[in-house]
Structure formats: structure tokens, C-alpha cells
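If you're wondering where the values come from, they're calculated on a predicted model, not measured in any experiment.
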Amino acid sequence: MLVHSLEFIDLMETTQHMNERELRLLADTYDSVYLHPNSYTCACLASGSVLRLVDAVLGAEIRNGMAIIRPPGHHAQHSLMDGYCMFNHVAVAARYAQKKHRIQRVLIVDWDVHHGQGTQFTFDQDPSVLYFSIHRYEQGRFWPHLKASNWSTTGFGQGQGYTINVPWNQVGMRDADYIAAFLHILLPVAFEFQPQLVLVAAGFDAIQGDPKGEMATTPAGFAQLTHLLMGLAGGKLILSLEGGYNLRSLAEGVSASLHILLGDPCPMLESPGAPCPSAQASISSTLEALEPFWEVLVRPAETPEEDSVAEDGVQEIQEEGPWEPPVLPILTWPLLQARTGLIYDERMMSHCNLWDSHHPETPQRILRIMCHLEELGLAGRCVTLPVRPATEAELLTCHSAEYVERLRATEKMKTRELHREGANFDSIYICPSTFTCAQLATGSACRLVEAVLSGEVLNGVAVVRPPGHHAEQDTACGFCFFNSVAVAARHAQAISGHAMRILIVDWDIHHGNGTQHIFEDDPSVLYVSLHRFDRGTFFPMGDEGASSQVGKAAGTGFTVNVAWNGPRVGDAEYLAAWHRLVLPIAYEFNPELVLVSAGFDAARGDPLGGCQVSPEGYAHLTHLLMGLANGRIILILEGGYNLTSISESMAACTHALLGDLSPQLALLRPPQSGALASITETIQVHRRYWRSLRVTRKVLEAGMRKPTSALSTEESSPGQTKPEAAKVVLTRDQSSETATGRATLEKGPSASEDAVGGAELNQTPQASCTEKQTSAASPVPGATALLPPSQLTGNPKTLELGKEALETLEPQALGEESLLGEAAGGQDVDDSQLTQGFQDLADTNQDILHAVTPLLWCPHLVAVRPMSAANLDVTQPCKDCGTLQENWLCLSCYQVYCSRYVNAHMVRHHEVSGHPLVLSYIDLSTWCYPCQAYVHHQDLLDVKNITHQKKFGEDMPHPH
């Protein structure tokens with residue numbers, strides 16, 4: 001009864017006692033259904049099996065699960081059998097998880113080749129369930145022939161934006177098409193939605209050879225899709241079998257997904273390519289329909305008409321013709337004796353600065369990382385590999401003989417000579433052991449490559465120093481002497497005996513100029529760097545890291561630069577780059593080995609980077625890369641100068657490599673408009689080289705939202721009457737009971753007239769699923785005015801930009817300029833470059849809401865002291881003036897004082913006491929005076945929840 005009516009369940013129960021004629025007569029009243037006396041029992045067992053997995057996964061008995069069951073369920077509706085389905089197992093499981101386990105947000109992914117209309121109709125008004133379906137449609141010619149299966153259907157009422165349909169309009173769709181839909185649509189929305197459980201309606205009738213699907217995906221492709229989903233909901237993932245009618249294809253598909261659930265590496269795709277034009281059109285249409293509802297999908301305006309322009313003599317990549325699927329391969333998985341290799345040697349600590357003991361590239365960097373890995377038990381779970389120095393032949397693959405000899409000569413130099421020699425390079429210090437340490441660092445990377453390629457381990461981590469990615473062929477640069485990643489790549493190619501395709505991802509905050517130059521004319525190595533550029537003023541300065549740098553000669557297009565033009569780039573921006581750019585290109589390139597220049601100076605708290613990537617963010621970036629190259633990925637330490645940050649970040653990456661569950665990310669803010677502009681700029685440059693980047697659509701300027709109607713006034717589904725007028729725009733992170741502005745759109749005849757202008761929204765059984773269902777059309781611009789900020793309560797993603805927040809923008813910008821100048825070698829930076837990200841705030845219409853981005857951590861959290869609920873009184877007046885207006889609570893001494901906009905007594909209290917953090921009794925935000933910023937962190941949740949209980953009589957709805 002969680003999903004189906006009692007009358008329908010009773011009717012199905014009676015089928016156990018019907019004769020053949022009665023069963024046939026009843027089945028004929030439905031569409032594509034047959035009945036047997038055992039059908040009811042089997043359907044109950046199927047639903048019960050999925051519920052058992054829900055209990056086991058949410059009860060932490062198991063990580064994930066797969067239900068190999070029949071009959072299927074995703075077509076079954078409230079009171080209708082349909083398409084072989086009696087009960088909707090996945091829908092029942094979602095409601096069960098919400099009711100029994102108090103799960104607030106469920107993601108349902110339906111990759112069966114037929115649209116799961118039953119599941120969609122169950123949840124199309126419910127924002128607590130995000131439904132994503134990717135299915136054959138062919139402009140409505142394919143079963144179930146519903147308009148509601150098209151991309152234009154996005155849900156109704158509170159649920160608008162929570163129904164996602166990607167319709168395929170031709171047969172023969174391949175792995176690349178499915179992966180593109182996941183990368184461009186599903187994953188970005190899912191990271192914003194933040195599900196607590198992922199359920200998959202896992203039909204395998206899209207695999208080549210299936211007589212109904214007529215598609216051309218492979219079992220390996222479904223392994224990839226499963227891997228991508230395992231990064232969500234802390235790995236709480238359940239697959240429930242739906243369709244699949246070629247027995248061999250079905251068995252291979254199920255086995256491939258099960259391998260991934262068990263932690264085996266993803267197989268490489270036979271012929272990944274890029275999404276076909278029809279897939280690009282479908283994805284683009286779905287993106288345009290969803291863009292008003294999901295902040296992560298907002299993109300800067302693009303110019304697709306430039307795609308076909310060939311400049312500088314570069315040939316446009318030719319579109320592929322019709323693709324004939326090969327014979328379905330039999331996949332094999334390696335039997336791994338060990339998973340992750342770890343390489344480290346304390347001898348690399350002997351490289352040190354003889355003149356400056358406070359230099360950021362300190363020997364303690366690798367020691368702290370190793371100590372942390374040992375404390376967490378991660379080092380013991382890895383295979384420790386012996387270190388060896390790089391051979392001269394290995395070094396000469398990337399460096400000149402003269403340069404190698406020049407560095408070798410430093411071993412015998414005196415202190416004054418070493419100082420003089422170091423001054424001949426950019427940002428370099430040298431000591432007598434520098435050459436030996438650099439040799440060990442590079443040799444370690446080569447040893448790890450040998451272990452991975454031989455199957456000794458699947459993946460690995462090299463905790464080494466000095467770093468290497470700035471080192472050029474014949475010069476040291478930026479703390480780097482030998483380019484360890486570059487030498488390791490050449491060593492891998494030498495071992496393999498061919499021009500092995502190697503992907504190098506450089507996420508160090510500084511551009512890897514040396515790596516770029518070494519491979520810029522080589523199409524066998526794809527170099528992707530994400531770094532601060534600041535329009536050429538950030539180290540290593542100049543235009544080498546600009547998005548316009550794409551390689552040369554045969555390597556044109558194989559150098560990809562994402563150039564951030566400011567600080568505070570964090571998880572949201574890096575994930576956006578991964579989904580929109582890095583992974584689409586990587587899958588199209590199809591590498592045989594992935595090397596990561598793993599600098600952690602973009603991490604939160606790094607003194608040089610000024611960015612905000614969290615350890616959890618790095619874990620997700622690592623997990624997403626692990627789907628490539630049969631899981632053969634190696635992380636090689638580069639920069640990172642906050643000892644705590646680099647230790648926690650490397651540990652998070654090591655957890656991922658070991659196959660541990662991906663951690664839940666903190667509530668993601670929308671990506672910065674400036675960062676989105678950087679990503680889009682790189683996409684525009686590389687679209688001529690990579691067809692996977694040609695997913696285009698008409699979009700708004702970044703940061704702007706067009707007004708949309710909560711319900712379309714043009715169309716409605718059967719059983720749902722049209723609203724007279726659309727009144728509200730609903731936002732994410734609301735439960736199924738509460739709408740923005742406290743308006744409710746309930747299922748049933750008691751819908752709030754205030755919310756929908758008196759229209760009723762009755763969810764009634766469909767008369768027949770063969771009827772042409774209509775849907776909400778694309779949002780109609782101009783149909784709705786946004787609610788005022790005072791009504792946007794209960795949604796942590798929608799914060800009013802108040803006076804205090806506006807006041808903080810200028811101090812933050814000044815602080816960033818100081819940091820930027822230090823990191824860029826003391827160069828002066830134009831203020832306009834640093835404040836550009838805030839310019840939109842001044843230029844935007846006052847009716848548009850903006851989000852204040854809090855710090856996810858600050859160094860003053862240690863000042864927060866525990867308190868008991870009995871000692872807190874939210875009605876307490878200001879201690880000095882007695883006012884009850886805009887009071888704040890000091891989180892160190894728990895005294896109450898008024899805000900700066902009343903009599904500023906809390907400001908004075910801070911100045912006298914030095915207590916840094918205070919909590920607003922108005923909106924429960926937390927302000928740090930020394931950081932001049934709002935702060936949102938786990939350590940603050942207890943006091944916030946107590947305050948919320950005192951103020952509203954209930955727990956916070958989303959205490960994350």
C-alpha cells in the first residue's frame with residue numbers, strides 16, 4: 001500500500017485462484033501483460049527481495065546489493081498492471097526506505113530501454129525522489145508511446161525538476177551515449193540533490209543483441225554506469241533487475257554490474273568514441289528543460305556556430321558513420337592479489353633548504369602524510385613497494401644529458417656554490433642531497449608504473465619529494481628538478497612496447513608547465529591541467545597555462561588547460577570541470593594508464609593555493625578517474641603546503657584507491673560564475689578536437705536564473721487538472737511535505753488553494769497506459785515571480801544576501817589579493833581581477849536571489865565550546881542594552897549581544913574578549929570575525945540544532 005491501492009492489491013491476490021480463462025480476461029484489460037496463478041506470489045517475492053536489500057544496506061549489513069528478480073516492476077502504476085509488471089519494486093523500495101529508515105532523498109535511476117512510466121507517475125509531484133530515466137523513445141513511436149516519456153516532462157508542483165527523461169530517438173545507441181548522459185546530466189544533478197540512497201531499475205535490454213532494445217551498448221558500458229553511481233549516497237546503491245531478453249546479453253550485463261558492486265575494476269570500453277549527434281540533441285534538450293531547476297546546470301552563453309570553424313590549419317574531426325556493433329565480447333576481470341601499491345622512503349627528506357627553514361616545500365610534507373596513512377591503517381592495507389633511483393636512461397627520456405649532469409654536479413658543491421646555482425633557476429633551492437632525492441622521487445614513480453602494468457597491484461600512491469611537474473627538459477623550476485610524472489609516462493610506454501595512451505591529470509594548483517612542454521606534440525599523451533592562472537599572474541606566470549594552449553603539430557588538442565582566474569575554487573568547481581570537460585574527453589581518449597600529478601595546494605587551508613577543495617572532494621575526483629584504464633591509476637605527490645591538508649587529502653584519495661566507500665560531500669554551493677566561465681572557455685577551445693564536448697544548447701549567462709512556472713499552464717497529465725495560475729518557484733532540498741514559502745501542494749483533493757490558485761492536484765489511476773500522456777512543457781519564461789526572501793525558509797541552499805554579507809565582500813577581496821600576491825611571487829594584481837566574481841551582485845536585478853557561500857572550515861572552530869540545551873534561551877535580550885532585535889550568541893562564552901545594525905554590542909564583545917565565532921538567533925548562521933566570513937562546519941551542528949529546537953520546537957530538517 002506504499003505505492004499501490006488496496007483494491008488493486010486485493011485484485012492481484014485473487015489471481016492465485018483464477019482459472020486460465022479468467023486470468024486471460026483480466027490480463028487483456030491491461031497493456032502487455034500475462035498472468036499465471038503464481039504471478040502474485042512471484043511479484044510479492046520480487047518486491048520483498050528489494051526491501052530486504054534496503055534493510056541490509058541502510059542497516060550497514062552490506063555496502064550495496066543487487067536483486068535478481070522477476071517479474072519486473074517499473075511499468076506498474078498505482079492501480080494498473082503494465083508491461084509485464086504487477087508491483088513496482090523500486091517505487092515500493094523508495095517509499096519503504098523513507099518510511100522505515102527515515103531517508104529524506106532517494107535517487108531512482110532507470111536505464112531499462114523502456115521508459116518506467118509507472119515509477120515516474122508515482123513520484124512526479126514529489127521532490128524527495130529524483131527520477132532519472134534514459135530510454136528508447138523515437139519521437140513516441142516506441143513503447144509505451146507516451147508524451148510523458150519525452151525530455152519536456154520534468155514533474156509537477158513541488159516535484160517539478162525532479163523528473164528527468166533522456167529520450168533516445170534512434171536505435172543503435174552506444175556506451176558513449178549513455179556515459180555522456182550520465183556525465184552531463186545525472187551526476188551534476190545528483191551531486192546537487194545529494195541522495196541518501198540510490199535505487200536502479202536495472203534493465204539490460206539496451207545491450208547489443210537484445211531483440212526488443214535494438215541498442216548497441218556493452219556489458220562493459222553498464223559496468224561504467226554502475227561505477228559512476230557508486231560515488232553517490234556514500235555508496236548505498238541497490239540494483240533491481242527489470243528487463244533484458246537476450247539471455248546471454250542479460251547474463252553478461254548483470255555480471256558486469258555485479259563485478260563493480262564487489263569492488264572489481266572497470267573494464268576498458270572496446271570503442272568508446274563520443275556521443276552521436278542524435279544523443280547530443282537529446283542530452284541538450286534535457287539540459288535545457290532542467291536548467292531552470294538546478295543551479296549546477298547553469299552555464300555561460302556558448303557560441304555553437306563556431307564549432308565548425310577550423311583555424312591554424314587544424315582539420316575538423318570527421319563525424320563517424322553508422323556504427324556496426326562487434327560481436328559481444330566476453331569480459332574477463334583480473335584476479336588481484338593486491339589492490340594498491342604504496343611507495344615512500346624517508347631518505348627523500350634529506351632534500352632541504354639550507355638558508356630558510358620555513359620554506360613551504362619542507363621535508364615534513366611526506367613524513368606527515370605517511371604518519372597519517374599509518375594512523376588510519378591505510379598504509380598497512382597497501383602493498384609497500386621498494387624505492388629505487390631513476391636510471392640515467394629513464395631520466396634521458398624527458399631531460400637532456402647536459403641538464404642531468406649539471407644537477408649531478410651539485411652533489412659536490414659547497415654551500416655558497418649551491419646557493420648561487422639555485423639562484424640560476426626560478427624558485428629553486430639546492431642542497432648536497434637534492435640530486436639523490438630527485439632521482440629517488442622519479443625512480444619511485446617508475447617502480448610504481450612497473451607494479452601496475454605487471455599486475456602486481458591495480459593502482460598506487462607515490463609519496464615523494466621533491467615535486468616534478470614544473471621541471472623542464474633542461475631546467476629546474478618551481479621546487480622541481482626531474483619531472484617524475486613525465487618520466488613515468490615514458491617508462492610505461494617503454495615497458496608496453498608501443499605508444500600507450502596515457503592520461504595525465506594535473507590537479508596541482510600551479511600549472512605543470514614542464515609536463516605540458518614535454519608532451520605538447522605527442523598525441524599518445526593527453527595532458528589535462530586545472531590550475532590558478534589569474535590571467536597570467538599566478539606562478540609560473542605567463543600564458544603557458546591559458547586555455548588557448550592546446551599543444552602543437554600532431555599533439556594539437558591533447559593539451560587541455562582549465563585556467564581558474566581567482567581564489568576560493570572548491571569541490572563544486574572541480575566536479576563541474578570533471579563532469580563537463582575532463583571525463584568526457586578522457587572517455588573519448590580511452591587511456592590505458594592514468595597518472596595524476598597530485599598536488600594538494602588547491603586544498604582548503606593551503607597557504608599558497610587560496611582554494612577550498614576538501615579531502616572528500618579529492619576522494620570523489622579520484623573515484624571518477626578510477627573508471628578509466630581498467631582502474632590502472634597512479635597518484636604521484638606534487639605540491640601542497642599545509643601539512644594537515646595534504647595528509648587528509650592524500651588519505652582520502654588512498655581510501656578511494658583501496659575501494660572504500662566514497663564519503664558524502666558537504667552541502668555544495670553552486671559553482672562560481674567565474675570558474676564556470678573558465679570551464680566553458682576551455683570547452684569552446686577544444687570542441688573542434690573532441691566531439692564529446694559538443695553538447696550544446698541555448699543558455700543563460702552564468703549566475704542568472706530565468707523565471708519559470710511551477711506548473712505549466714499549457715499541459716497536464718490525465719488525472720491532474722490544470723492549475724489556474726502558477727504561483728511559486730520551488731527549490732531543492734525540501735521534504736515531500738513542505739514547499740517553499742510554506743505553501744503545500746498535496747496529492748489528493750485537499751491541495752492548498754493558496755499554493756495553486758485553487759486548482760486541485762488529484763493523483764488518480766491512469767485509465768490505460770497506452771493512452772497518449774501529456775506532460776508539463778518546458779518552463780514558460782515570465783510566468784512566475786520569485787518569492788521574497790522572507791518566505792524562503794527551511795532551505796539551506798537559498799540564503800538571503802543580507803547587509804552583513806555584503807559588508808564582508810570587500811575585506812575578503814582584499815585578503816585574497818594579499819594571498820594572491822604572495823602565491824604569485826609578489827606580483828601586484830589589479831583589484832578588478834579579484835572582485836570580478838562579485839560584480840554580478842551589483843549588476844543583477846534586485847529580485848534575483850544569490851547564495852552566500854560559507855567557509856567549510858576555519859581555524860577558529862577550536863574556540864567553540866560545548867553547551868547543554870538547558871542553558872540556552874533564544875528569547876534572551878542583549879546583555880548590554882536589553883534589545884530583542886537581531887541578537888547573536890557568542891559560541892565561546894554563550895553571552896547574548898545585539899548585532900552591529902542595532903547597537904553593535906556583539907562587535908564590542910568580540911573586540912574585548914577575542915571570541916571569534918557567533919551564532920545569529922535570526923537565521924542560525926554562524927559568523928567568524930577574524931575570517932570575516934560565514935562558516936558552515938560539522939562542529940557547529942550541535943549548537944545550531946539545539947537553537948533550532950528551542951526556536952521552532954523541532955530538529956533541523958537537514959542537519960548536514
Side-chain angles (χ1 to χ4, degrees), residues 340-344 348 361 365-366 368-370 372-373 378-379 382 441-442 444-449 452 457 459-471 478-480 482-489 502-512 514-515 527-532 562 569 571 574 577-578 582 586 591 593-606 608-609 611 613-626 628-629 631-658:
T340 302
L342 175 63
I343 199 158
Y344 163 80
M348 285 179 275
E361 208 291 279
R365 295 174 62 241
I366 58 173
R368 284 285 295 273
I369 290 174
M370 277 303 301
H372 194 55
L373 294 180
L378 296 174
C382 297
T442 304
S444 297
C446 291
R447 174 66 185 91
L448 203 45
V449 163
V452 168
V457 295
N459 54 46
V461 173
V463 183
V464 296
R465 65 178 291 272
H469 70 144
H470 294 307
F479 314 159
C480 302
F482 294 136
N483 198 312
S484 301
V485 165
V487 173
I502 297 176
L503 168 64
I504 298 177
V505 176
D506 190 336
W507 68 42
D508 189 283
I509 198 60
H510 303 93
H511 177 242
T515 312
Y527 175 67
V528 180
S529 177
L530 302 94
H531 51 269
R532 275 188 66 177
V562 180
V569 181
D571 295 345
Y574 276 81
W578 247 239
V582 177
L593 177 67
V594 178
L595 302 176
V596 180
S597 275
F600 295 106
D601 38 8
R604 184 174 60 210
D606 190 273
L608 299 188
C611 291
V613 182
S614 69
E616 296 80 10
Y618 281 117
H620 279 275
L621 300 183
T622 303
H623 171 81
L624 290 169
L625 291 175
M626 288 168 64
L628 302 164
R632 294 185 296 196
I633 177 174
I634 296 172
L635 273 60
I636 301 170
L637 181 65
E638 297 283 1
Y641 307 102
N642 177 309
L643 299 184
T644 299
S645 297
I646 62 174
S647 301
E648 293 178 349
S649 298
M650 185 61 94
C653 293
T654 306
H655 271 295
L657 293 176
L658 285 165

How far does [atom1] of [X] sit from [atom2] of [Y], to the nearest 0.5 angstrom?
X	Y	atom1	atom2	value
I343	R447	CD1	CZ	6.5 Å
N642	S647	CG	OG	8.5 Å
H531	D506	NE2	CG	8.5 Å
D508	S597	CG	OG	7.5 Å
L608	R532	CG	CZ	10.0 Å
L595	L625	CG	CG	11.0 Å

Closest heavy-atom contact between [X] and [Y]?
X	Y	answer
C446	V487	SG-CG1, 3.8 Å
A471	N483	O-ND2, 3.2 Å
S444	V464	CB-CG1, 3.7 Å
A586	P591	O-CD, 3.2 Å
A652	A619	O-CB, 3.7 Å
I502	A489	CD1-O, 3.3 Å

Taking side chain as C-beta onward, heavy atoms only, is [X] less than 4.5 Å from [Y]?
X	Y	answer
L378	H372	no
L342	M370	yes
E648	T644	yes
L643	R365	yes
V461	C653	no
V485	E638	yes
L657	M626	yes

Seminar exercise, completed: Taken in chain and number order and not counting sequence neighbours, the residues that satisfy ring-ring contact (aromatic ring centres under 6.0 Å, His included) with F482 are H399, F435
Problem set entry | Which residues share a ring-ring contact (aromatic ring centres under 6.0 Å, His included) with Y618, sequence neighbours left out | W507, F600
Problem set entry | Pair V449-I634, side-chain contact (heavy atoms from CB on, under 4.5 Å): steps then yes or no | CA-CA 8 Å; V449 163; I634 296 172; 3.8 Å; yes
Exercise. What do the steps show when you test W578 against V505 for side-chain contact (heavy atoms from CB on, under 4.5 Å), and what is the final call?
Worked result: CA-CA 11 Å; W578 247 239; V505 176; 3.8 Å; yes
Problem set entry | Polar side chain donor-acceptor pair, S645 to D606, under 3.5 angstrom | no
Exercise. Counting only N and O atoms by type, is there a donor-acceptor contact under 3.5 Å from the side chain of Y527 to the main-chain atoms of G512?
Worked result: yes
Exercise. Can you check whether A486's main-chain N or O pairs, donor with acceptor, with T515's side chain at less than 3.5 Å?
Worked result: no
Problem set entry | Reference residue I509; test side-chain contact (heavy atoms from CB on, under 4.5 Å); the match among L530, V569, V613, D601 | D601
Exercise. Given H469 and S529, is the side-chain contact (heavy atoms from CB on, under 4.5 Å) satisfied, shown in steps?
Worked result: CA-CA 11 Å; H469 70 144; S529 177; over 6 Å; no
Problem set entry | side-chain contact (heavy atoms from CB on, under 4.5 Å) between L628 and I633, intermediate numbers included | CA-CA 8 Å; L628 302 164; I633 177 174; over 6 Å; no
